[in-house]
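Small disclaimer: the values here were computed from a predicted structure and weren't measured.
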Amino acid sequence: MTEHEPWRRSKTPAPLPPNPADARTLGKIADPELAAIIRDNLLPRSNAAGETAAWRSFWNTLTFDPTLNARANDIIDVYVEQSASALDAGDLDDAQYKRAAKFHDLCIHALDRLDKVLDDPLAWAGSRAAGFNPRSREVINTLVQAIAEHRHDHDDAKLWAVLAQVHLDPGSS
C-alpha cells in the first residue's frame, strides 16, 4: 500500500485530484494512489490561494467522510510506523534522519487533522460539510440546531435571538 521509505522526496509528486471536495471521486481512488496523494500533500505545496483552498478541501473531505477518514488513517498509520521504525533503527544518514523525522511529525499532524472532526460543528453532516470553512460550519451548525429546536418549541423569539447571535437577523440591519 505504501512504499518502503515514504519520507524520501518524490521525483514526481502526486497532485491533488481535480475536484478534491468530491468524496465519491476520492472514494474511487485505489489505496496506492491515495497513499501517494496523501504523502505528497501533507502540507500545501504552494501558498497560492487556489492551491491552498484545494489542499484544504482535500483534507476536509478526508476528514468528514467516514470511509475516506478510515482509509487515510490506515495509510498514515503505516507511514508513522515506517518512519518511527527507521528513526529507531539508527541506519539513516543525517540528512535522511532529518527528513524522516520531519515526515513523521507531518504524519502525526495529519492524523490530528483527521481526528479533530469528531467534535467539530457539522461533524454529523459528514462530507457535505467539507466545502465550508470552519467559521461557516459553526454558524450553519448553530442555525440548524436553532431550526430543529424551533420545530419542536415553535418559540419564534428564541429563533430570532439565535439569528441575532450569529449576526444574521434581518430585522437588526
ask   = Residues two or more places apart in sequence or in another chain: which of them pass ring-ring contact (aromatic ring centres under 6.0 Å, His included) with F103?
value =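 Applying ring-ring contact (aromatic ring centres under 6.0 Å, His included) to F103 gives Y79.
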If I take atom [atom1] from residue [X] and atom [atom2] from residue [Y], how far apart are they, to the nearest 0.5 angstrom?
X	Y	atom1	atom2	answer
L26	K28	CG	NZ	11.0 Å
L111	H109	CG	NE2	10.5 Å
C107	I75	SG	CD1	11.0 Å
W59	L16	CH2	CG	10.0 Å
D112	I76	CG	CD1	10.0 Å
L163	L143	CG	CG	6.0 Å

Do [X] and [Y] share a hydrophobic cluster (ILVMFWY, side-chain heavy atoms under 4.5 Å, transitive)?
X	Y	value
F64	V139	no
I37	V80	yes
V162	I140	no
I29	I38	yes

Please check if the side chain of [X] supplies one atom and the backbone of [Y] the other of a donor-acceptor pair under 3.5 Å.
X	Y	result
R39	L34	no
D40	A14	yes
T61	A23	no
N41	W55	no

Which heavy atom of [X] sits nearest a heavy atom of [Y], and at what distance?
X	Y	value
L42	R113	O-NH2, 3.1 Å
A21	S57	CB-CB, 4.1 Å
S46	A48	OG-N, 3.0 Å
P6	Q82	CG-OE1, 3.2 Å

key: Qualifying side chain to side chain donor-acceptor pair (under 3.5 Å) pairs with a residue from residues 85-108, counting only residues at least two apart or across chains   =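 Applying side chain to side chain donor-acceptor pair (under 3.5 Å) to every pair that reaches into residues 85-108, excluding sequence neighbours, yields W7-Q96.
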Electrostatic pair E149-K158, nearest N-O below 4.0 angstrom =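 Between K158 and E149 there is a salt bridge, with a charged N closer than 4.0 Å to a carboxylate O.
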request  = Mind jotting down which residue pairs meet the ring pair (Phe, Tyr, Trp, His ring centres under 6.0 Å) criterion with at least one end in residues 146-166? Sequence neighbours excluded, please.
outcome  =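 Qualifying pairs: none.
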query = Do N133 and S136 have side-chain heavy atoms sitting under 4.5 Å apart?
reply =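 Yes, close enough: below the 4.5 Å cut-off.
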ask   = Do T63 and L114 have side-chain heavy atoms sitting under 4.5 Å apart?
value =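 Touching, per the 4.5 Å side-chain cut-off.
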ask   = Have N69 and D65 got a donor and an acceptor in their side chains that come within less than 3.5 Å?
value =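 Judged by distance alone, the side chains do not pair up.
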request  = Step by step, work out the side-chain contact (heavy atoms from CB on, under 4.5 Å) result for T25 and N19.
outcome  = CA-CA 8 Å; T25 301; N19 187 358; 5.6 Å; no
